[in-house]
Number of protein chains: 2
Amino acid sequence: MKPDPSPVRREIQQGRPFRSPADEAAVALMRTTDLLRTALSGIVEPAGITLQQYNVLRILRGSSPEPLPTLEIAHRMIEHAPGITRLLDRLEAKQLVRRQRCREDRRQVHCWITPAGLELLERLEEPVHGEVQRGFARLSVADDQRLLALLDLLRAGIRDDPM
Amino acid sequence: MKPDPSPVRREIQQGRPFRSPADEAAVALMRTTDLLRTALSGIVEPAGITLQQYNVLRILRGSSPEPLPTLEIAHRMIEHAPGITRLLDRLEAKQLVRRQRCREDRRQVHCWITPAGLELLERLEEPVHGEVQRGFARLSVADDQRLLALLDLLRAGIRDDPM
DNA sequence: TCGAAGTAATTGACATATCAAGTAAAGAGC
DNA sequence: GCTCTTTACTTGATATGTCAATTACTTCGA
């Protein structure tokens, strides 16, 4: 009797087994994140911002009332974002952030979150948190921490592999 | 003495702690996947295709020599892809897939991978597998399986939460 | 203090993604 | 066989992402 293919293999209807557990975990990782992103986008986008824009607002709230220079925001983002300037253009157009060229170093542009931005974040806080809680409902707190530890290891491995 | 902030918190320079372990794991998940995607894109894109296109080619190789209808490919993709038609347009332009309207059901369009597509996949096979192995080098096989199990649980939770 | 090198951010050209509407064919019900 | 619904895409409009080149400013080093 054939062994049951794993959940990931069933989901993507892959006939052959994966070449290694790491390959299977890599696919599972991307699928899972895609699902999570889709779920969170579904909460954040009705409010008129993308998940990345939401992330930028949270970063700016974190430093507020201090401003952050543009590229510092890019560095702190969850997902690598080369289009940071235009992303900020859009947030500024929606009046959710304010920008001003820095006086001490005139190459930099400082960004702040506006009161409207703070208010929007506040409105989204509970729904986003709730969605994450529901998504993770089947994992215990210990599971969350195991997952976290594995992901930390993985990031360390990906980063210092010579690409 | 202050407790050391977790790796994720240090990476995104977040001052305040996360609201729950699940929230922190969600951020870690997105960061980790972004890193992995970037690393894999770095291997696949020099060959002239995106990671999503690579994924489509692998799906078509999986079913080859049988063709797959367009939307069936979309269903099997790792990452949800509404732009499947144009994605296939690009692969067809590169002569990596071939399409033909289905005779039995003329609404469907059948897609095959071409010999050039198969050859490209073969060239990328080792580098991609190698990159995954190196990235996962710090995790044991048992770790890979733990990670996989946690991700399977998580996907199940995200899917049947009423969004 | 002058030029070379480095940084911070912007811009332009182009590729890709997203969403809503449209088209064509198949199937279901009478 | 004739409408109605559903399915399987396709298309157009628009937003967003990506990469390379450019501008403006600072810093470093002789």
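First the proteins, then the strands, lettered A, B, ... as listed; each starts at 1.
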E104(B) CD - dA8(D) P separation (whole Å): 14 Å

Scan E45(A), K94(A), R90(A) and name whichever one has a side chain to side chain donor-acceptor pair (under 3.5 Å) with Q53(A). K94(A)

Atom pair distance, as rounded to whole Å: CZ in R101(B) and P in dT23(C): 15 Å

Spatial distance of atom CG (L147(B)) from atom CZ (F136(B)) [nearest 0.5 Å]: 6.0 Å

Can you tell me which nucleotide in dT26(D), dC19(D), dC19(C) comes closest to the side chain of D105(A)? dT26(D)

Calculate the interatomic distance between I49(B) atom CD1 and dA15(C) atom P; express it in whole Å. 17 Å

Residues in residues 84-98 of chain B with a heavy atom under 4.0 Å of DNA chain D, by number, are T85(B), R86(B)

Rounding to an integer number of Å, can you tell me how far L51(A) CG sits from dT18(C) P? 12 Å

Identify which nucleotide among dG17(D), dA9(C), dC9(D) has an atom closest to any side-chain atom of P69(A), counting heavy atoms from C-beta outward. dA9(C)

Nearest-0.5 Å distance, OG1 of residue T33(A) to CD1 of residue I78(B): 11.5 Å

Identify which nucleotide among dT18(C), dT10(D), dT26(D) has an atom closest to any side-chain atom of P82(B), counting heavy atoms from C-beta outward. dT18(C)

Counting only side-chain nitrogens and oxygens, does R107(B) get under 4.0 Å of the OP1 or OP2 atom of dA8(D)? no

Nearest whole angstrom, please: distance from the P of dA9(C) to the CG of L68(A). 10 Å

We want to know whether T114(B) and R98(B) form a side-chain donor-acceptor pair, criterion being a heavy-atom distance below 3.5 angstrom. no

First locate atom OG of S64(A), then atom CD1 of I113(A), and finally report the distance between them rounded to the nearest 0.5 Å. 7.0 Å

Just how far is it from atom CG of L68(A) to atom CD1 of I59(A), taken to the nearest 0.5 Å? 8.0 Å

Considering every strand and a 4.0 Å limit on heavy-atom distances, what is the contact class for E79(B): base, sugar-phosphate, or nothing? nothing

Integer-rounded Å distance: dA15(C) C1' and Q53(B) CD: 10 Å

Point-to-point distance, once rounded to the nearest 0.5 Å, from CG of L88(B) to CD1 of I73(B): 5.0 Å

Whole-Å gap separating P (dA17(C)) and CZ (R37(A)): 13 Å

Rounded to whole Å, how long is the line connecting atom CG of L71(B) with atom P of dA26(C)? 16 Å

